[in-house]
Amino acid sequence: MIVKKLEIISSQKTEFIPVSDLINDVLAESGFEEGIVHIFLPHTTAGLLVNDRVEHVNLDLMRSLAEIAPDDWEYRHQAGNSPAHIKSILLGAATTIPFQSGKMLLGEWQQIYFCEFDGPKPKKIILSILGNAFD
Amino acid sequence: MIVKKLEIISSQKTEFIPVSDLINDVLAESGFEEGIVHIFLPHTTAGLLVNDRVEHVNLDLMRSLAEIAPDDWEYRHQAGNSPAHIKSILLGAATTIPFQSGKMLLGEWQQIYFCEFDGPKPKKIILSILGNAFD
Amino acid sequence: MIVKKLEIISSQKTEFIPVSDLINDVLAESGFEEGIVHIFLPHTTAGLLVNDRVEHVNLDLMRSLAEIAPDDWEYRHQAGNSPAHIKSILLGAATTIPFQSGKMLLGEWQQIYFCEFDGPKPKKIILSILGNAFD
């Protein structure tokens, strides 16, 4: 297993940053022929999204998430960022993707997004790569 | 690690297809004594559900998901399947389950469902199996 | 890979039990230098939450979850615990966290909670630990 940390710098409060290429670059240099890559965010106001690479889907998703975590509710958590926490929870801070020959086995339409809900801030992604090394 | 691809053919627009038996069949022939099986859908309008094997729970879930992604909203994504994308995102395209002696360590009530939200279509499941081989 | 089962005993109907320390204790004794720990609940009315260690965030989350799975809806599932199933589904029964030197690489604010939605009941967590052993 190898571990690799990536830096992500968001530039807006809410932002969907595509990261599939970044992750594939790490896999291509990993020395593994096939395996799984575990993707983890050590953060509580960001989430991982694996879905359509078409941007409009993310706008529709934001509307749905705002339905259950609206900005104008009075929240118990006084830091003012409860909607960001709740969106982060619903998307999740971890996922795992299979790969072969240095590239994730994503479907034709899939993109992985780092979703920032309380930026702009520098954040991190921790990759853990397991599998079979090249002979 | 071994990788195995399964074909799933949905027959309705929305459908919950139980797949625990299919996955256990692969595990029984895998040559691994114990380990984890990673389950991945290379799709953006399907999701994985690990919950009650009683069908009524899925109907109740559909009602809750429709609450935040109703069919009659006007969505930005023009393909007309934004509710399917959003439901897929909330369930997730990947999960991992531990197994022993060729069988997943699911609880008494747990079933794994492949959830189709934009069928009928042929779709795929990619299994990655890691663990300890039999001596 | 090693497997370890933990017992969790909830004392209320709805309860968020922090379990990071319990899991770190297992990792510290695992003999692995670095790796990933897969966390699985063989249950359908409990979920795993990886988010803020501040308790108020959980109260805000409960309000959001109640928005799409209210206690006073008429549900198809006659056991009376559909809201618990739906909350369990949205949080998920499985997650994976990277670790190094016997400790999960959680962010400064992250805590892992076992979330009981239909207690009080004795429940289980199954840990599967993979990675590189100490030389």
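Predicted, not measured: the structure shown is a model, and the values here were computed from it. As a basis for the values below, the full set of heavy atoms in this structure was taken, side chains included, without hydrogen atoms, waters or symmetry mates. Here is the naming used below: chain letters follow the sequence lines, and residue numbers restart at 1 for every chain.
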**Q** Which bit of C:Thr96 is near chain A, if near means a heavy-atom gap under 4.5 Å: side chain, backbone, both or neither?
**A** both

**Q** When you compare the side chains of C:Asp60 and A:His77, does any donor N or O come within less than 3.5 Å of an acceptor on the partner?
**A** no

**Q** Taking every heavy-atom pair that is under 4.5 Å apart, which of C:Gly131, C:Ala66, C:Gly35, C:Gly92 has the most such pairs with chain A?
**A** C:Gly35

**Q** I need the residue from C:Arg63, C:Glu34, C:Gln111 with the largest number of non-hydrogen atom pairs under 4.5 Å to chain A.
**A** C:Arg63

**Q** Hey, does the side chain of C:Gln110 reach the backbone of A:Leu41 with a donor-acceptor pair shorter than 3.5 angstrom?
**A** yes

**Q** Could you tell me which non-hydrogen atom of C:Glu67 sits nearest to which non-hydrogen atom of A:Glu67, and how far apart they are?
**A** CG-O, 4.3 Å

**Q** For A:Phe40 and C:Thr95: C-alpha separation, side-chain torsions, deciding distance, then whether side chain to side chain contact (heavy atoms under 4.5 Å, CB included) applies.
**A** CA-CA 10 Å; A:Phe40 181 69; C:Thr95 193; over 6 Å; no

**Q** Of the non-hydrogen atoms in C:Leu105 and A:Pro42, which two are nearest, and what is the gap between them?
**A** O-CB, 4.0 Å

**Q** Closest heavy-atom contact between C:Ile36 and A:Met1?
**A** N-SD, 4.1 Å

**Q** A:His43 versus chain C, heavy atoms under 4.5 Å apart: side chain, backbone, both or neither?
**A** backbone

**Q** Sort out for me which of A:Pro70, A:Ala94, A:Ser82 touches chain C most, counting heavy-atom pairs under 4.5 Å.
**A** A:Ser82

**Q** State the CG-CG distance between A:Leu130 and C:Leu130, to the nearest 0.5 angstrom.
**A** 6.0 Å

**Q** Can you measure from OH (C:Tyr113) to CD1 (A:Ile89) and round to the nearest 0.5 angstrom?
**A** 9.5 Å

**Q** Side chain from CB out, backbone as N, CA, C, O: work out which of these in C:Ile97 comes under 4.5 Å of a heavy atom of chain A, or both, or neither.
**A** both

**Q** Does any backbone or side-chain atom of A:Tyr75 lie under 4.5 Å from a heavy atom of chain C? Answer side chain, backbone, both or neither.
**A** both

**Q** Check this for me: A:Lys103, atom NZ, are more than 12 non-hydrogen atoms of other residues, nucleotides or ligands nearer than 6.0 Å?
**A** no

**Q** Would you compute the distance between atom OG of C:Ser64 and atom NE2 of A:His85 and round it to the nearest 0.5 angstrom?
**A** 12.5 Å

**Q** For A:Ala93, which atoms come within 4.5 Å of any heavy atom of chain C: side chain, backbone, both, or neither?
**A** side chain

**Q** With a cut-off of 6.0 Å (strictly less than), are more than 12 heavy atoms of other residues, nucleotides or ligands near NZ of A:Lys13?
**A** yes

**Q** Should we say atom CD of A:Gln12 is surrounded by more than 12 heavy atoms from elsewhere, each under 6.0 Å from it?
**A** yes

**Q** Where on C:Val54 is there a heavy atom nearer than 4.5 Å to chain A: the side chain, the backbone, both, or neither?
**A** side chain

**Q** Taking atom CD1 of C:Ile2 as the centre, report whether more than 12 heavy atoms of other residues, nucleotides or ligands fall under 6.0 Å from it.
**A** yes

**Q** Starting at CG of C:Leu59, measure out to CZ of A:Arg76 and round the result to the nearest 0.5 Å.
**A** 5.0 Å

**Q** For the atom pair CD1 (A:Ile86) and CG (C:Leu65), what is the distance rounded to the nearest 0.5 Å?
**A** 8.0 Å

**Q** So which atom in A:His38 and which in C:Pro98 form the shortest heavy-atom distance, rounded to 0.1 Å?
**A** CE1-CD, 3.6 Å

**Q** Please classify the contact between C:Leu61 and chain A as side chain, backbone, both or neither, with a heavy-atom cut-off of under 4.5 Å.
**A** both

**Q** Within the side chain of C:Asp52, is there an N or O that forms a donor-acceptor pair under 3.5 Å with the backbone of A:Thr44?
**A** no

